[in-house]
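Quick notes on the structure that follows.
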2 protein chains.
Amino acid sequence: MSDTPRRDIHNSDLPIACRACEARHKGICGALKPDQLLHLAKHTNRTNHTPDTELLASGEDSHHYSNVIKGVVKLTKLMADGRQQIVGLQFSPDFLGRPFRKQNDSYAEAANTVQLCSFPRNVLDDMVKQFPDLEHRLHEQALKQLDEARDLMLTLGRKTANEKVATFLHMIAIHNDPELEHDSQQIEFELPLKRADIADFLGLTIETVSRQMTKLRKAGIIDIRNNRTILVPDLEALEDACESL
Amino acid sequence: MSDTPRRDIHNSDLPIACRACEARHKGICGALKPDQLLHLAKHTNRTNHTPDTELLASGEDSHHYSNVIKGVVKLTKLMADGRQQIVGLQFSPDFLGRPFRKQNDSYAEAANTVQLCSFPRNVLDDMVKQFPDLEHRLHEQALKQLDEARDLMLTLGRKTANEKVATFLHMIAIHNDPELEHDSQQIEFELPLKRADIADFLGLTIETVSRQMTKLRKAGIIDIRNNRTILVPDLEALEDACESL
DNA sequence: CGAAGGGTTGATCTCTGTCAAGTCTAGTGG
DNA sequence: CCACTAGACTTGACAGAGATCAACCCTTCG
């Protein structure tokens with residue numbers, strides 16, 4: 001083992017933290033070759049955050065980007081009088097930050113226990129200029145988030161409270177297990193958000209969220225194991241509830 | 001005048017349609033050098049569309065992208081039972097289409113009289129692979145639309161009907177004249193959307209939009225010259241109305 | 001002139017927000 | 001081990017913002 005970089009870089013030469021990292025494959029780091037990853041890894045550091053910790057301030061300059069390693073991050077907008085709206089949720093290999101602009105117009109908060117892998121703005125900005133593949137990945141991320149945002153807009157503008165809650169539960173369900181077979185098998189999952197966050201995500205109040213959850217429970221569409229654990233006996237029934245006039 | 005291409009290409013050698021085109025500077029074509037533009041221009045054609053014409057279908061494969069040259073395009077999502085939500089408005093030099101995916105999950109419709117400059121998918125896709133600058137432009141477009149989508153999400157989820165309508169009018173006002181001085185001067189503008197579209201944009205009904213417009217009129221915040229023409233005597237007053245509990 | 005499309009206004013209903021009380025659980029300290 | 005507290009969640013009673021239903025006006029166009 002020498003500490004001078006070698007020409008032929010094997011997988012074992014990847015930074016330790018990167019080896020088992022999801023962002024390494026599906027996230028933006030998937031665009032990087034081992035030596036580029038090594039370069040970036042020199043400047044990264046992992047951080048853990050408890051629920052409701054601020055991760056990215058709105059308005060002020062932000063000096064770093066991050067990958068979401070574990071947990072769920074909520075992107076929130078708020079109004080002067082305290083009303084607030086969650087405009088996006090970021091899951092595991094998602095990229096956190098607004099490229100090409102120092103200021104964010106929403107702020108990021110940990111929804112549950114979150115682990116980030118952060119790196120300085122300028123390091124990534126420089127790499128983006130050099131490696132078109134990296135920009136392509138970021139572009140794909142932006143488009144994915146745009147698609148999600150527009151789905152949520154339909155939910156916010158046109159769905160009833162009941163449909164909103166069903167839509168949210170469905171989103172979390174398929175996110176937890178995207179591979180799941182669609183032959184009506186049951187699934188159980190943890191809610192990464194508490195009721196207040198769900199309300200801010202769906203443009204409702206806590207009380208209405210609670211009421212619609214019990215309504216879905218009484219209709220047999222979900223089973224509430226405990227406040228944060230939901231069991232869906234029949235996914236199709238839940239899907240129907242997302243758009244049932 | 002020869003019709004063989006020359007080596008040194010002056011501005012006058014640009015495709016005629018491109019010379020006065022806004023997309024040439026602020027739009028995605030701004031990333032292209034004259035010869036690249038010439039290549040693209042070989043495959044473009046301009047089309048005019050009357051209000052409520054479908055420009056881009058949802059679900060089916062789409063074979064072309066476009067730049068919006070004139071008019072306003074609405075991106076709409078609709079539910080099985082007919083409820084619909086406008087998830088985005090595209091103005092003059094905006095790019096229309098979903099890169100890297102054949103299918104759109106929303107469809108595009110002309111809001112007023114629209115002129116497009118369209119080109120085949122594969123021509124642009126090939127150029128994107130060759131010219132990183134072009135992808136950068138598209139990326140910026142996507143991020144801009146994401147910012148706009150998130151602004152609208154706050155409006156949809158948390159604002160009152162009155163604030164929603166004020167927010168919409170304000171958006172159109174500053175869009176029509178982004179240079180306007182903020183010293184309370186009055187501005188007049190045309191609404192590119194009819195009431196039904198405004199309702200679909202804001203997640204309201206036609207009736208509520210109408211009521212809130214007259215409410216704003218009676219409050220002296222706007223003057224309705226005719227159905228489609230609005231005069232704002234004091235822009236700050238309108239801004240206040242966008243977030244007045 | 002009549003019809004159609006776009007817009008306004010009124011009366012009424014209903015969904016969701018507001019206010020308030022109460023339950024459940026986890027955590028703390030005696 | 002138990003009492004106490006705080007936070008998250010639920011449930012109920014009530015009110016209000018916006019939807020619905022319906023009538024009507026205005027302009028345009030054949």
Side-chain angles (χ1 to χ4, degrees), chain A residues 50-52 79 81-85 111-113 155-169 190-219 222-230 241 244-245, chain B residues 50-53 79 81-85 110-113 155-169 190-219 222-230 241 244-245:
Chain A
T50 52
D52 294 325
M79 295 170 63
D81 58 12
R83 281 176 284 176
Q84 60 181 59
Q85 173 70 42
N112 49 15
T113 302
T155 301
L156 287 172
R158 290 304 186 194
K159 291 194 183 178
T160 66
N162 199 258
E163 293 168 333
K164 282 180 178 181
V165 172
T167 303
F168 170 75
L169 294 174
E190 291 285 302
L191 290 179
L193 274 61
K194 60 187 170 206
R195 300 291 185 275
D197 289 334
I198 299 175
D200 281 340
F201 185 70
L202 296 172
L204 298 171
T205 59
I206 302 177
E207 294 92 326
T208 302
V209 171
S210 183
R211 271 186 258 272
Q212 302 307 329
M213 300 253 325
T214 66
K215 202 171 158 191
L216 288 170
R217 175 171 58 73
K218 285 179 180 165
I222 61 171
D223 184 7
I224 304 177
R225 311 308 284 260
N226 65 55
N227 285 340
R228 289 291 193 111
T229 315
I230 304 292
S244 64
L245 190 64
Chain B
T50 53
D52 294 325
T53 314
M79 295 171 65
D81 58 12
R83 282 177 283 177
Q84 60 181 57
Q85 172 70 41
N112 49 16
T113 302
T155 301
L156 286 172
R158 291 304 187 195
K159 290 193 184 178
T160 65
N162 198 257
E163 293 168 335
K164 283 180 178 180
V165 172
T167 303
F168 170 74
L169 294 174
E190 292 285 303
L191 290 178
L193 274 61
K194 62 187 170 205
R195 299 291 184 275
D197 289 335
I198 300 175
D200 280 340
F201 185 70
L202 297 173
L204 299 171
T205 58
I206 303 177
E207 294 93 326
T208 304
V209 170
S210 181
R211 273 186 255 273
Q212 301 306 328
M213 301 250 328
T214 65
K215 202 172 159 190
L216 289 171
R217 175 172 58 73
K218 284 180 181 166
I222 62 171
D223 185 7
I224 305 177
R225 310 308 284 259
N226 65 53
N227 284 342
R228 288 291 193 114
T229 315
I230 303 293
S244 63
L245 190 66

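Computed from a predicted structure; not experimentally measured. Quick note on labels: first sequence line is chain A, next is B, and so on, each numbered from 1.
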Suppose we call a contact any N or O donor and acceptor under 3.5 Å apart; does that hold for the side chain of [X] and the base of [N]?
X	N	value
A/R211	C/dT18	yes
A/E207	C/dC19	yes
A/R228	C/dT25	no

Starting at atom [atom1] of [X], determine the distance to atom [atom2] of [N], rounded to an integer number of angstrom.
X	N	atom1	atom2	value
B/I206	C/dG6	CD1	P	9 Å
B/L191	C/dT8	CG	P	10 Å
A/R195	C/dT23	CZ	P	19 Å
B/N112	C/dG6	CG	C1'	16 Å
A/R83	D/dA17	CZ	C1'	13 Å
A/Q212	C/dT16	CD	C1'	9 Å
A/K159	C/dC15	NZ	P	18 Å
B/M213	D/dG18	CE	P	16 Å

Check whether any side-chain nitrogen or oxygen of B/T205 sits under 4.0 Å from OP1 or OP2 of D/dG18, and answer yes or no. no

Is A/S210 close enough to D/dT10 that one of its side-chain N or O atoms is under 4.0 Å from OP1 or OP2 there?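 It does, given that an N or O in the side chain of A/S210 lies less than 4.0 Å from OP1 or OP2 of D/dT10.
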
Counting heavy atoms from C-beta on, name the nucleotide in D/dA19, D/dC9, C/dG17 closest to the side chain of A/N227. D/dC9

Regarding the side chain of A/T160, the nearest nucleotide among C/dT18, C/dT16, D/dT10 is C/dT16

Using a strict 4.0 Å threshold on nitrogen-to-oxygen distance, state whether A/E190 and A/R225 make a salt bridge.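 So A/E190 does not pair with A/R225 through a salt bridge.
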
Looking at A/D52 and A/K194, does any basic side-chain N land under 4.0 Å from a carboxylate oxygen?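 Salt bridge flag = yes for A/K194 with A/D52.
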
Quick one: closest heavy-atom pair of [X] and [Y], and the distance?
X	Y	result
A/L191	A/N227	CD1-O, 3.9 Å
A/T167	A/K159	OG1-NZ, 3.1 Å
A/R195	A/I206	CB-CG2, 4.0 Å

Contact nearer the 5' end of DNA chain C, comparing B/K194 with B/K218: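 Closest to the 5' end, via its nearest nucleotide, is B/K194.
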
Using heavy atoms to find the nearest nucleotide of DNA chain D for A/R158 and A/T214 separately, return the residue whose nucleotide is more 5′. A/T214

